[in-house]
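Data first, discussion second: the structure below is written as structure tokens.
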There are 2 protein chains.
Amino acid sequence: MDKPITVLLYEDNRDLREGISFLLQATPGIVLAAACPHVNNLKADLAAYTPDVVLTDIGMPGMTGLEALPIIKATNPNIQVLMLTVFDDDERIFQAIRGGASGYLLKNTPPAEIIQAVFDVYRGGSPMTSSVARKVLQHFQQPAKVSSSEQLLSAREQDILKGLMKGYSYKLIADELHISIDTVRTHIRNVYEKLQVNSKTEAILKAMKDGFLG
Amino acid sequence: MDKPITVLLYEDNRDLREGISFLLQATPGIVLAAACPHVNNLKADLAAYTPDVVLTDIGMPGMTGLEALPIIKATNPNIQVLMLTVFDDDERIFQAIRGGASGYLLKNTPPAEIIQAVFDVYRGGSPMTSSVARKVLQHFQQPAKVSSSEQLLSAREQDILKGLMKGYSYKLIADELHISIDTVRTHIRNVYEKLQVNSKTEAILKAMKDGFLG
DNA sequence: CACCAAACCGCATTATCATGCGATTGTAGA
DNA sequence: TCTACAATCGCATGATAATGCGGTTTGGTG
């Protein structure tokens, strides 16, 4: 049916590298092109093996997996990169995601799932350890809006704020809402007080961060 | 060791509901409080069963799972909600995430993984079907930055832009970078020209939208 | 009815920003 | 070497924004 998936593995820990290599080789449908302890010959490797999927550690001597990521995606954005690492801090997770990683597994993932993940990324999925996924989801959820907040801003004030967030000047906002520029000023003054800020920029940032309500 | 996880299930399809119920009941460490075909008695259910985890379908007669979600989180934000559905469109996925869902499984998920997912959410993870995860990740990745863009902005210009994005005034940026305010002006001028904008706000919005590069 | 909040308007002052013009230095490349 | 450009600094001017103070109208609530 399908052609086999060509995988390239980077992992500095020898035992782990050999373990995963063995698994990959033993799996029908997967061809392990190479397994390297470092990513320093990255470009040559990519050219030589033309992998479909790159499975890589983050912490490696020399160039890290995170540094390698943009190079891989620049070489061929169709290559799916799966991070396999012990790090689960926000910083590295988001750096990986922004860099275009298609999956993020922690090293405590059982071998069978790692294999499954290779198939998943190749098919357009993004396998993620569930604790990692949680961190990702949290960045979408309204930051709790814990302490009430209700509708801190009146409807009109929200209109004005939306105008600011579109990059409009006071005058433009006034025109769009058919009110005078002085009224816009007044509303903005009130918005600033409610949001505890004192500039357009701060207001916009705050509004973006915790979605209109403080 | 641990107390069992109390689960509340909502699923209108009878076969599926009974199938999942059977699985949950057969799993040590999980107690199925109830399995309902609709979510219309939601508040009463929550009060009666005080679940740790709610497993819910999205498409149900009467109130949908998506409508129920905010009510659940409002009742007790500690309840972990796991969406189990056939829908994999962006709209519903993000509505669920924004609403505070802790996991999102498609119905083709094998039973064993559903059970595993219940444990995962309870432990603070966010199990997600990998195709759903992909959609989520895509919202973080730089919008392609299709046409080159290279490093449109010099390193220093990016420093200044970062300052703007933190809401700093020219003066603050100047202080932080140990340069004169006039230099800041100059850099900003150049940034504006490169980004094709003419105000702080526009620059920030543009920078946020397509990640520094235009 | 009296009170209050929201929405509306105006004016004045100071602060900050946007922009034009000009200039020096250092480094990388044609 | 000449050129190009990043990075630095300065001055000046008109445009916006921030803020203080004052005011009217309207709709809802105790």
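Proteins get letters first, then strands, A, B, ... in listed order; numbering begins at 1 in each.
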With five pairs defining each end axis, the helix from C:dC1-D:dG30 to C:dA30-D:dT1 comes out bent, to 10°, by 40°
*Short N-O contact, A:Glu157 and A:Lys162, less than 4.0 angstrom*: no
So, with a heavy-atom separation below 4.0 Å from DNA chain C, the residues of residues 172-183 of chain B are none
Electrostatic pair B:Asp57:B:Lys107 at N-O distance under 4.0 angstrom
yes
Going 5' to 3' through nucleotides 23-30 of chain C and flagging B where a protein heavy-atom sits under 4.0 Å of the base, S where only the sugar-phosphate is that close, and - otherwise, we get --------
Contacts of B:Lys200 meeting salt bridge (Lys or Arg N to Asp or Glu O under 4.0 Å) (sequence neighbours excluded), chain-then-number -> none
Inset, instruction - May I ask you to decide whether A:Asp88 forms a salt bridge with A:Arg134, counting only side-chain N to carboxylate O separations under 4.0 Å? - result: no
Students should find that the nucleotides of DNA chain D closing off the region near chain A, any atom under 4.0 angstrom from a heavy atom, are D:dA17 to D:dC21
Here the ring-ring contact (aromatic ring centres under 6.0 Å, His included) pairs for residues 75-106 of chain B, sequence neighbours left out, are A:Phe140-B:Phe94, B:Phe94-B:His139
For this session: Under 4.0 Å between any heavy atoms, over every strand shown, what does A:Arg189 touch: base, sugar-phosphate, or nothing? Just pick one.
Result: base
Here the distance between atom C1' of C:dT16 and atom CD1 of B:Ile160, to the nearest Å, is 17 Å
Atom OH of B:Tyr192 and atom P of C:dC17 are separated, to the nearest Å, by 8 Å
In whole angstroms, the gap separating C1' of C:dA6 from CG of A:Asp159 amounts to 13 Å
Are side-chain heavy atoms of B:Leu164 and B:Ile173 found at a separation under 4.5 Å?
yes
Between NE2 of A:His187 and C1' of C:dA5 the distance, given in whole Å, is 12 Å
B:Glu67 meets the side-chain hydrogen bond (donor to acceptor under 3.5 Å, both in side chains) criterion, sequence neighbours left out, with none
By salt bridge (Lys or Arg N to Asp or Glu O under 4.0 Å), A:Arg92 pairs with (sequence neighbours left out) A:Asp89
B:Glu193 atom CD is separated from C:dG20 atom C1', nearest whole Å, by 12 Å
A:Leu23 meets the side chain to side chain contact (heavy atoms under 4.5 Å, CB included) criterion, sequence neighbours left out, with A:Pro111, A:Ile115
Residue pairs passing the salt bridge (charged side-chain N to carboxylate O under 4.0 Å, His left out) test with at least one member in residues 39-50 of chain A, sequence neighbours excluded, are none
Between CG of B:Asn190 and P of C:dT19 the distance, given in whole Å, is 12 Å
Sequence neighbours excluded, the answer for side-chain hydrogen bond (donor to acceptor under 3.5 Å, both in side chains) partners of B:Glu176 is none
From OH of B:Tyr168 across to P of C:dC17 the rounded distance in Å is 14 Å
Residue set satisfying side chain to side chain contact (heavy atoms under 4.5 Å, CB included) with B:Ala33, at least two apart, ordered chain then number -> B:Thr6, B:Tyr49
| field | Side chain to side chain, B:Pro51 and B:Val7, heavy atoms closer than 4.5 Å | value | no
